[in-house]
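Okay, so here's the structure we're looking at.
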Amino acid sequence: MTYTVITGASSGIGYEAAIAFAARGKNLILVARREGKLEELKADIQAKYDVDVIVKPEDLTVSERVHGLYEDLKQYELETLVNNAGFGNFDPVAEQDLNKIQKMIRLNVEALTVLSTLFARDYENKEGTQLLNISSAGGYNIVGGAVTYCSTKFFVSAFTEGLAQELQGKGAEMKAKVLAPAATETEFMKRSLDVEDIEYEGNVKQYHTAKEMAQFLLELYDSSKVVGIVDGETYEFHLKDPLYPYVQRSFSE
Ligand SMILES: NC(=O)c1ccc[n+]([C@@H]2O[C@H](COP(=O)([O-])OP(=O)(O)OC[C@H]3O[C@@H](n4cnc5c(N)ncnc54)[C@H](OP(=O)(O)O)[C@@H]3O)[C@@H](O)[C@H]2O)c1
């Protein structure tokens with residue numbers, strides 16, 4: 001029995017990705033803070049699909065909990081890890097709330113790096129394993145007013161593309177891939193703007209639904225490409241080879 005781990009599965013892209021992987025017959029381990037939402041999703045999935053679903057409520061901004069989660073995952077055989085949990089912030093740098101920003105960096109960067117590292121360490125030579133890290137179109141272009149958020153996503157893109165090249169160079173079995181959504185209708189905007197709620201219709205010029213984004217994630221999963229990116233102008237989906245320049249280090253030990 002193998003499992004697909006999805007962080008941030010209680011809403012948005014992670015929630016729809018859980019349903020899409022379950023429809024493929026994949027057993028799931030669902031991670032987020034809101035246990036009730038994860039339990040509801042588990043019940044909905046198990047009413048439709050014959051898969052095992054395990055719920056792991058965790059706050060991934062807490063470093064020890066990230067390591068604790070991975071320790072706990074060692075009892076299962078993993079096939080895919082989707083590092084999707086993340087949030088944004090839309091404030092000029094000098095005005096941003098450092099408490100929120102430090103949490104964002106711990107979640108978007110630190111938790112993703114720790115989980116990716118431990119997963120690659122244990123599974124890089126296991127056939128069929130995949131690491132799918134969720135970046136953003138803002139991980140390839142800096143969006144004005146969201147400089148720090150975009151910087152976390154530049155990290156996700158560079159780290160994941162670099163890991164993909166490293167794994168390929170070693171002849172490893174694991175594939176590392178990066179999804180770069182543009183605006184997608186989820187809880188992202190309200191969390192990023194710290195507002196009660198926000199209607200996408202009428203307020204956001206163009207966007208995808210979370211279901212559409214989860215389908216694109218599966219297209220990336222099925223493909224031999226490393227990057228799944230949304231064109232910020234046309235909103236078309238593109239599967240691509242790594243976009244960042246990559247050079248071998250120029251010294252030996
Ligand atoms: N929506 C967009 O426009 C857009 C565009 C580009 C990239 N993205 C990226 O897509 C990913 C998914 O976001 P989304 O749009 O689906 O937003 P979302 O609906 O807000 O989902 C975020 C998920 O992350 C979880 N999460 C937040 N803080 C957490 C924490 N401390 N520990 C564990 N889980 C936590 C949330 O669950 P709990 O609150 O229950 O913990 C939720 O399940 C993010 O990495 C985001 O940066 C989104």
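Position 1 is the first residue of the sequence, and the numbers go up from there. Because only heavy atoms are used, hydrogens play no part in the values below, and waters and symmetry mates are left out as well, while side chains stay in. All ligand and atom numbering here is 1-based and tracks the order in the structure.
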*asked:* Can you list everything that forms a side chain to side chain contact (heavy atoms under 4.5 Å, CB included) with Glu236? Sequence neighbours excluded, please.
replied: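 Listed in chain order: Thr234, His238.
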*asked:* Can you classify the ring geometry of Phe90 versus Phe188 as parallel (below 30°), tilted (30 to 60°) or perpendicular (above 60°)?
replied: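 The rings of Phe90 and Phe188 stand perpendicular, inter-plane angle above 60°.
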*Hey, which residues fall under 4.0 Å of ligand 1 on heavy atoms?*
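Within the 4.0 Å shell of ligand 1, which is judged on heavy atoms, sit Gly8, Ala9, Ser10, Ser11, Gly12, Ile13, Ala32, Arg33, Arg34, Glu58, Asp59, Leu60, Thr61, Asn84, Ala85, Gly86, Leu107, Ile134, Ser135, Ser136, Tyr149, Lys153, Pro181, Ala182, Ala183, Thr184, Thr186, Glu187, Phe188, Arg191.
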*Do you know which two heavy atoms are closest between Asn108 and Val156, and how far apart they sit?*
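Minimum heavy-atom separation between Asn108 and Val156: O-CG2, 3.5 Å.
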*Residue Gln168 excluded, over 12 heavy atoms near CD under 6.0 Å*: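 Atom CD in Gln168 is not crowded, with 12 or fewer foreign heavy atoms closer than 6.0 Å.
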*asked:* Regarding Glu187 and Arg34, does a basic nitrogen lie under 4.0 Å from an acidic carboxylate oxygen?
replied: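 A salt bridge is present here (some side-chain N lies under 4.0 Å from a carboxylate O).
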*salt_bridge(Asp97, Lys103) N-O dist < 4.0 Å*: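 Answer for the salt bridge query: no.
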